[in-house]
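Comments concern the structure below.
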There are 2 protein chains.
Amino acid sequence: MFSKACEYGIKATIYIAVKSMRHTRVSLKEIAEEVNSPVAFTAKILQSLAKSGIIDSHKGPTGGFEIEESKIDTIKLHDIVHAIDGDNIFVGCGLGLKQCDATQPCPVHDKFVGIRENLKMMLQNTSLYELATGLDIGLTHLKR
Amino acid sequence: MFSKACEYGIKATIYIAVKSMRHTRVSLKEIAEEVNSPVAFTAKILQSLAKSGIIDSHKGPTGGFEIEESKIDTIKLHDIVHAIDGDNIFVGCGLGLKQCDATQPCPVHDKFVGIRENLKMMLQNTSLYELATGLDIGLTHLKR
DNA sequence: TTTATTTAAGATAAATTTGTCCGAAATAAG
DNA sequence: CTTATTTCGGACAAATTTATCTTAAATAAA
Ligand code: FES
Ligand code: FES
């Protein structure tokens, strides 16, 4: 469904959000531990999330990653997935045709667009805030 | 969403079904042409679909692939996807946790299981027969 | 029986994704 | 200013997926 990079990226972003709500920056090392992800690979993903403007990064001692508090509510799961995996999952054909539209549909088109739209809506309607809150109050978990 | 192998496998199976409904065997070469897939890779996929019992293969002149006509109606998209991509898409955690269940859910669990179940139902309710019929009457297409 | 045709099987190779390493750049603090 | 800390950036490596090649096995027909 999502790439490994995207899975790590989502988990990392949620963790950063939890800490940011407490006005605490968090280091790459800590994130990778909490998310159970390879440190150096996580660094790459965080780098790209920073370039996409989803998270902020700061170098040096006391540095680390954070998310502007006002953004936590407006950032949606959709934004994170889109930043890392692109838009193929939202607009691409389920059977890999170069173009998906109803004028020359693949055999699963009619059935697939519903699922795809469903997923898209879910991601667009899910805010980072609610994900972070669920984690913060111990309702959900990042490792297992 | 699905692997390349699965995309090719689905399209190939649908094409074989169309031909089988006309009691015609079809060769690897023809399948790969119609499906726009690499020949040798397609061979591997068909081989595994044959081992899974979804399609039948026959060697030698007049050989090729076919599907028992009585099966075309009972084979579901779910069976093809499961045979090629396994069951991770049906039971796996959206964020890659080793185990997905409600006792220790990841942050997206509640929202993800709906989508996943939705997809599963769609695949279980979609028969090879209806996919093949749509293609046969020119309503849908395998290439673009 | 010989030949031509077609899939099976295993080894190999290319491409992509995932993951690592290391030096550079920034920056906070002594 | 110097040092310690932390992210950045690029090169590199491993693993997985996708794709190819070659030889064998089966089998239909001449
Ligand atoms: S054309 Fe395949 S999903 Fe739309
Ligand atoms: S635990 Fe992640 S989807 Fe169920």
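A note on names: the letters A, B, ... follow the listed sequences, proteins ahead of strands, and every chain is numbered from 1.
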Practice problem: May I ask you to decide whether B:Glu130 forms a salt bridge with A:Lys111, counting only side-chain N to carboxylate O separations under 4.0 Å? | Solution: yes
Quiz item: Pick the nucleotide of DNA chain C nearest each of A:Pro61 and A:Cys6; which residue has the one closer to the 5' end?
Solution: A:Cys6
Quiz item: Can any side-chain N or O of A:Arg116 pair as donor or acceptor with the backbone N or O of A:Ile89 at less than 3.5 Å?
Solution: no
Quiz item: Is any NZ, NE, NH1 or NH2 atom of the basic residue among A:Arg144 and B:Asp101 found under 4.0 Å from an Asp or Glu carboxylate oxygen of the other?
Solution: yes
Quiz item: Which nucleotide, C:dT18, D:dT27, D:dA28, lies nearest any side-chain atom of B:Thr62?
Solution: D:dA28
Self-check item: Worked check of side-chain hydrogen bond (donor to acceptor under 3.5 Å, both in side chains) between A:His23 and A:Glu69
Solution: CA-CA 8 Å; A:His23 313 99; A:Glu69 211 172 359; 3.0 Å; yes
Quiz item: Between D:dC8, C:dT18, D:dA19, which nucleotide gets closest to the side-chain atoms of B:Lys4?
Solution: D:dA19
Quiz item: Among the nucleotides C:dT20, D:dC8, D:dA29, which one has an atom lying closest to any side-chain atom of A:Ala40?
Solution: C:dT20
Quiz prompt | Candidate nucleotides D:dA29, D:dT18, C:dT7, ranked by approach to the side chain of B:Ser3 - the nearest | solution = D:dT18
Exercise. Map B:Gly64 and A:His58 onto DNA chain C by nearest heavy atom, then report which one ends up closer to the 5' terminus.
Key: B:Gly64
Self-check item: Rounded interatomic separation in angstrom, taking CZ from A:Arg25 and P from D:dT7
Solution: 10 Å
Self-check item: Separation of D:dA28 P from B:Lys59 NZ (nearest whole Å)
Solution: 12 Å
Quiz item: What does A:Lys44 touch in the nucleic acid at a heavy-atom separation under 4.0 angstrom: a base, only the sugar-phosphate, or nothing?
Solution: base
Self-check item: Closest listed nucleotide, where the reference is the side chain of A:Ser57 and the choices are C:dA29, D:dC8, D:dA28
Solution: D:dC8
Practice problem: May I ask you to check whether over 12 heavy atoms, not counting those of A:Lys143, lie within 6.0 Å of atom NZ? | Solution: yes
Exercise. Could you state the atom-to-atom distance from CD of A:Glu66 to P of D:dT7 in whole Å?
Key: 12 Å
Quiz item: Counting only side-chain N and O atoms of A:Tyr8, is one of them less than 4.0 Å from OP1 or OP2 of C:dT18?
Solution: no
Quiz item: With sequence neighbours excluded, what pairs up with B:Ser52 under the side-chain contact (heavy atoms from CB on, under 4.5 Å) test?
Solution: B:Ile54, B:Ala83
Quiz item: What is the distance, rounded to the nearest whole Å, between atom CD1 of A:Ile45 and atom P of D:dG9?
Solution: 16 Å
Quiz item: To the side chain of A:Pro38, which of C:dG19, D:dC8, D:dA29 is closest?
Solution: C:dG19
Practice problem: Starting from C1' on D:dA19, measure out to CG on B:Asn36 and report it in whole angstrom. | Solution: 14 Å
Self-check item: Options D:dA25, D:dT7, C:dG19, nucleotide nearest the side-chain atoms of A:Phe41
Solution: C:dG19
Quiz item: Tell me: CG of B:Asn88 to C1' of D:dT16, nearest whole Å?
Solution: 15 Å
Quiz item: By side-chain contact (heavy atoms from CB on, under 4.5 Å), which residues pair with A:His82, not counting sequence neighbours?
Solution: A:His78, A:Asp87, A:Phe90
Quiz item: Does the side chain of B:Asp85 come under 3.5 Å of the side chain of B:Ser3 through a donor N or O and an acceptor N or O?
Solution: yes
Quiz item: So which of residues 46-56 of chain B are in contact with DNA chain C, with a heavy-atom cut-off of under 4.0 Å?
Solution: B:Gln47, B:Lys51
Quiz item: Rounded to the nearest Å, what distance is computed from the CD1 atom of residue A:Ile31 to the C1' atom of nucleotide D:dT6?
Solution: 12 Å
